[in-house]
Student: 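Pasting a structure here, questions to come.
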Amino acid sequence: MKHLIVVLGPTGVGKTALSLTLAKKFSTPVISADSRQIYKGIEIGTAAATESERTLTEHLFVGIKELGEYYSAGQFEQDVLEKLSNIFEHNDYALMVGGSMMYIDAVCNGMDNIPYVDGETRKNVADIFQKQGLEGIRNLLQLLDSEHYKRIDLKNKQRLMHAVEVCLMTGKPYSSFLSASKKARNFRIIKIGLNREREELYERINTRVEEMFALGLFEEAKQFYHLKDTNALNTVGYKEIYQYMDGVYSDIETVKKMIKQNSRHYAKRQLTWFRRDSEIVWFHPDNINGIISYIESCEK
RNA sequence: GGGCAGUUACCAGAGUGGCCAAAUGGGGCUGACUGUAACUCAGCUGUCUUUCGACUUCGGUGGUUCGAAUCCAUCACUGCCCA
């Protein structure tokens, strides 16, 4: 039986350090499950593995897309499954490490096949929003997919709009694409959750932000100012710097404060998501022996 | 020593007699999440209670009043100005 070891946890908890140890132990590359590290050029702000770390162990799905290029959890699922079948040809273990909740779920449970929304449809829906507001989008969804209308958060503009986009583009209700069923995988998944005391985690996040600035986060972000509206850069650590450049914040100290704060919020959201997954077995990141013996015990 | 201003929940900060457990923002906590998800969105945040509601709060103390965060006296502390 093949095993996929999934190491997950909130930002700043210490996933990278552990992943290097595990990669070595099980002689397997690291598959990064990180929706932002996948982009090239934003290594500092996304705390991607450093170059020396990457020469030590192979890291997949890090820095492989250009900023502004489209990528998604669904695509990640496809790409990783393909990669996994390669790895499993000569490995019993594969290792995936990251904090992007939906990316991890996509690989572990699969996602339904929801069509990619083309630019024209996207624009049409944006126009409707422009003219009729959220109310207009809501009414449209009620008309096109009353099923989904009942379940969706009617204040969540982004999800509302996406559902409408899919309905309009395909001519079918958005909910008709949802099966909510877990896809079978031909390998076993071992989910390891990493967590620390909240206070300790927040402290680590705070000091890491300072470190990022010392490494040149500001300069890194600055060179991509022209791409600030792309999804890849709608990211903690970058958006705050762009807001500063646009005059929203008047000094760098405030920028740092906001980045720390938003990172903490993000970590919290991650924990909320992970908490409901009963398959995750939780460890303190320093408990390497415990983690390894747990993995080995899963073999049977 | 004199003058003025102030002291409100974790923080900032409204409230100047009843509609006040007290606006608003931040922080914090909890949660939702199926394709741009480090996104986007929601709830809670004095105590007890599932709710209704009850109880204790607005620097301390003592008053005025049917009723006080709000008015008066006094004490303490803080800031600014004059010495």
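So that the names make sense, note that chain A is the first sequence line, chain B the second, and so on, each numbered from 1.
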Student: Any ion pair linking A:Lys25 and A:Glu296 (charged N to carboxylate O, less than 4.0 Å)?
Tutor: yes
Student: Quickly, which of A:Ile5, A:Ile280, A:Val7, A:Leu4 forms a side chain to side chain contact (heavy atoms under 4.5 Å, CB included) with A:Lys191? Name it, please.
Tutor: A:Ile280
Student: Taking the six-membered ring for Trp, is the centroid-to-centroid distance between A:Tyr116 and A:Tyr70 below 6.0 Å?
Tutor: yes
Student: Relative to the 5' end of RNA chain B, which residue comes earlier, A:His162 or A:Tyr266, by the nucleotide with the nearest heavy atom?
Tutor: A:His162
Student: Just checking A:Tyr103: base, sugar-phosphate only, or nothing, at a heavy-atom cut-off of under 4.0 Å?
Tutor: sugar-phosphate
Student: Give the residues of residues 37-48 of chain A touching RNA chain B, defined as any heavy atom closer than 4.0 Å, sorted by residue number.
Tutor: A:Gly45, A:Thr46
Student: Any ion pair linking A:Glu219 and A:Lys222 (charged N to carboxylate O, less than 4.0 Å)?
Tutor: no
Student: Expected output is a numbered-order residue list: members of residues 145-160 of chain A with a heavy atom under 4.0 Å from any atom of RNA chain B. What is it?
Tutor: A:Asp153, A:Lys155, A:Asn156, A:Gln158, A:Arg159
Student: Once you apply a heavy-atom cut-off of 4.0 Å, does A:Arg275 come out as touching a base, just sugar-phosphate, or nothing?
Tutor: sugar-phosphate
Student: Does a side-chain N or O of A:Lys268 approach OP1 or OP2 of B:U30 to a distance below 4.0 Å, or not?
Tutor: yes
Student: Assign A:Lys239 to base, sugar-phosphate, or nothing according to its heavy-atom contacts below 4.0 angstrom with the strands shown.
Tutor: sugar-phosphate
Student: Does A:Met102 or A:Met258 map to a spot on RNA chain B nearer the 5' end, using the closest nucleotide for each?
Tutor: A:Met258
Student: Count the heavy atoms of every other residue, nucleotide or ligand shown that sit under 6.0 Å from CD of A:Glu120, and state whether that count exceeds 12.
Tutor: no
Student: A:Lys40 and salt bridge (charged side-chain N to carboxylate O under 4.0 Å, His left out): which single residue from A:Glu69, A:Glu66, A:Glu220 fits?
Tutor: A:Glu66
Student: From the options B:U34, B:A37, B:G27, select the nucleotide whose nearest atom is closest to the side chain of A:Ser72.
Tutor: B:A37
Student: Near RNA chain B, under 4.0 Å by heavy atom, which residues of residues 106-113 of chain A?
Tutor: A:Met111, A:Asp112, A:Asn113
Student: By nearest atom, which of the nucleotides B:G35, B:A32, B:G27 is closest to the A:Arg269 side chain?
Tutor: B:A32
Student: So what does A:Asp34 hit on the nucleic acid, given a heavy-atom distance under 4.0 Å: a base, only sugar-phosphate, or nothing?
Tutor: base
Student: Kindly write out the residues that satisfy ring pair (Phe, Tyr, Trp, His ring centres under 6.0 Å) with A:Tyr149, not counting sequence neighbours, or none if the list is empty.
Tutor: none
Student: Is the number of heavy atoms from other residues, nucleotides or ligands within 6.0 Å of NZ (A:Lys183) greater than 12?
Tutor: yes
Student: Classify the ring geometry between A:His162 and A:Tyr174 as parallel (under 30°), tilted (30 to 60°) or perpendicular (over 60°).
Tutor: perpendicular
Student: Counting only heavy atoms from other residues, nucleotides and ligands, does the tally under 6.0 Å from NZ of A:Lys157 exceed 12?
Tutor: no
Student: Run the salt-bridge test on A:Glu279 and A:Lys182 with the 4.0 Å N-O cut-off and return the result as yes or no.
Tutor: yes
Student: Under a 4.0 Å N-O cut-off, is there an ion pair linking A:Glu135 with A:Arg138?
Tutor: yes
Student: Pull out every residue in residues 196-231 of chain A that has a heavy atom closer than 4.0 Å to any atom of RNA chain B, ordered by number, or say none.
Tutor: A:Arg198, A:Tyr202, A:Asn231
Student: For B:G27, does OP1 or OP2 lie under 4.0 Å from any side-chain N or O of A:Arg264?
Tutor: no
Student: Considering every strand and a 4.0 Å limit on heavy-atom distances, what is the contact class for A:Tyr116: base, sugar-phosphate, or nothing?
Tutor: nothing
Student: Side-chain N or O of A:His265 less than 4.0 angstrom from OP1 or OP2 on B:G28?
Tutor: yes
Student: State plainly whether one hydrophobic cluster holds both A:Val107 and A:Ile114, where clusters connect Ile, Leu, Val, Met, Phe, Trp and Tyr through side-chain heavy atoms under 4.5 angstrom apart.
Tutor: no
Student: Taking atom P in both B:A14 and B:U47, what distance in whole Å separates the two?
Tutor: 24 Å
Student: Test: side-chain hydrogen bond (donor to acceptor under 3.5 Å, both in side chains). Region: residues 104-113 of chain A. Which pairs qualify, not counting sequence neighbours?
Tutor: A:Asp105-A:Trp273, A:Asp112-A:Ser179
Student: Looking at every strand, decide which applies to A:Thr235 at a 4.0 Å heavy-atom threshold: base, sugar-phosphate, or nothing.
Tutor: base
